[in-house]
Amino acid sequence: MKIKFGSYLTATVFLIACCGCINHDSTVYTNPDRVKVAFENESAGRIFYETLSKTSPTPNRRESNTSIEIPVVFSHHSHVVEGENVAFNNAVKQCDTNQDGIITETEARIFAEQRQKSPH
Ligand SMILES: [Ca+2]
């Protein structure tokens, strides 16, 4: 009986010692280069940038958290923060419907209407 008690005690101490044994926290900042884009005219650029500034996600909405845990043994927490360029690149991708690298005034107006209906 003494041996069994000793084994349980050793196992309990081992498990307590291993709590959070492997713990990894990371914060990743992503801010890729802005995609190159041209505007058909000044009005197209103005409409695009005004719409982007009004509907761009706030910094808090550009963050995501991921956690992976195996109780007692392993835990990993990842925090991803997206920079301003991510929102810009997504807006260009949405706005430049024919993907020719030039945003026309028509595309900018359609983009503005879409963003007004569904901001993000
Ligand atoms: Ca285009």
Side-chain angles (χ1 to χ4, degrees):
M1 199 64 177
K2 267 188 169 179
I3 294 172
K4 251 189 168 178
F5 178 75
S7 295
Y8 288 130
L9 181 64
T10 304
T12 304
V13 170
F14 177 75
L15 287 176
I16 290 170
C18 285
C19 259
C21 238
I22 302 170
N23 185 16
H24 186 253
D25 294 325
S26 67
T27 300
V28 179
Y29 297 95
T30 60
N31 201 23
D33 292 337
R34 284 187 171 201
V35 294
K36 295 190 185 313
V37 67
F39 296 95
E40 179 186 48
N41 54 37
E42 188 178 316
S43 180
R46 184 179 47 78
I47 293 167
F48 175 81
Y49 280 109
E50 283 178 1
T51 303
L52 179 62
S53 67
K54 288 177 189 169
T55 61
S56 183
T58 60
N60 289 343
R61 294 199 61 177
R62 292 193 311 259
E63 296 182 13
S64 65
N65 290 299
T66 305
S67 294
I68 300 170
E69 291 184 28
I70 300 172
V72 180
V73 180
F74 174 79
S75 71
H76 174 82
H77 304 281
S78 177
H79 181 74
V80 178
V81 181
E82 293 181 340
E84 293 284 332
N85 292 350
V86 173
F88 178 85
N89 292 346
N90 288 338
V92 169
K93 188 176 178 182
Q94 182 185 1
C95 185
D96 188 12
T97 52
N98 62 358
Q99 304 298 309
D100 65 352
I102 299 169
I103 292 176
T104 63
E105 190 171 339
T106 304
E107 287 175 325
R109 289 189 189 284
I110 292 169
F111 171 68
E113 287 174 17
Q114 287 175 338
R115 283 285 177 112
Q116 282 176 350
K117 291 178 186 169
S118 166
H120 305 291

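Whatever order the structure lists them in is the order used to number ligands and atoms, beginning at 1.
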Just say parallel, tilted or perpendicular for the rings of H24 and H76, cut-offs at 30° and 60°. parallel

S43 versus R109, closest heavy-atom pair with distance: OG-NH2, 4.1 Å

The Ca ion (ligand 1): protein N, O or S atoms [distance under 3.0 Å]: D96 OD1, N98 OD1, D100 OD1, I102 O, E107 OE1, E107 OE2

If you take all heavy atoms of N89 and D33, which pair is closest and at what distance? ND2-O, 3.1 Å

Should we say atom CG of N98 is surrounded by more than 12 heavy atoms from elsewhere, each under 6.0 Å from it? yes

In this structure, are over 12 heavy atoms from other groups packed under 6.0 Å from E42 atom CD? no

Would you call the rings of F88 and Y49 parallel, tilted or perpendicular, where under 30° means parallel and over 60° means perpendicular? parallel

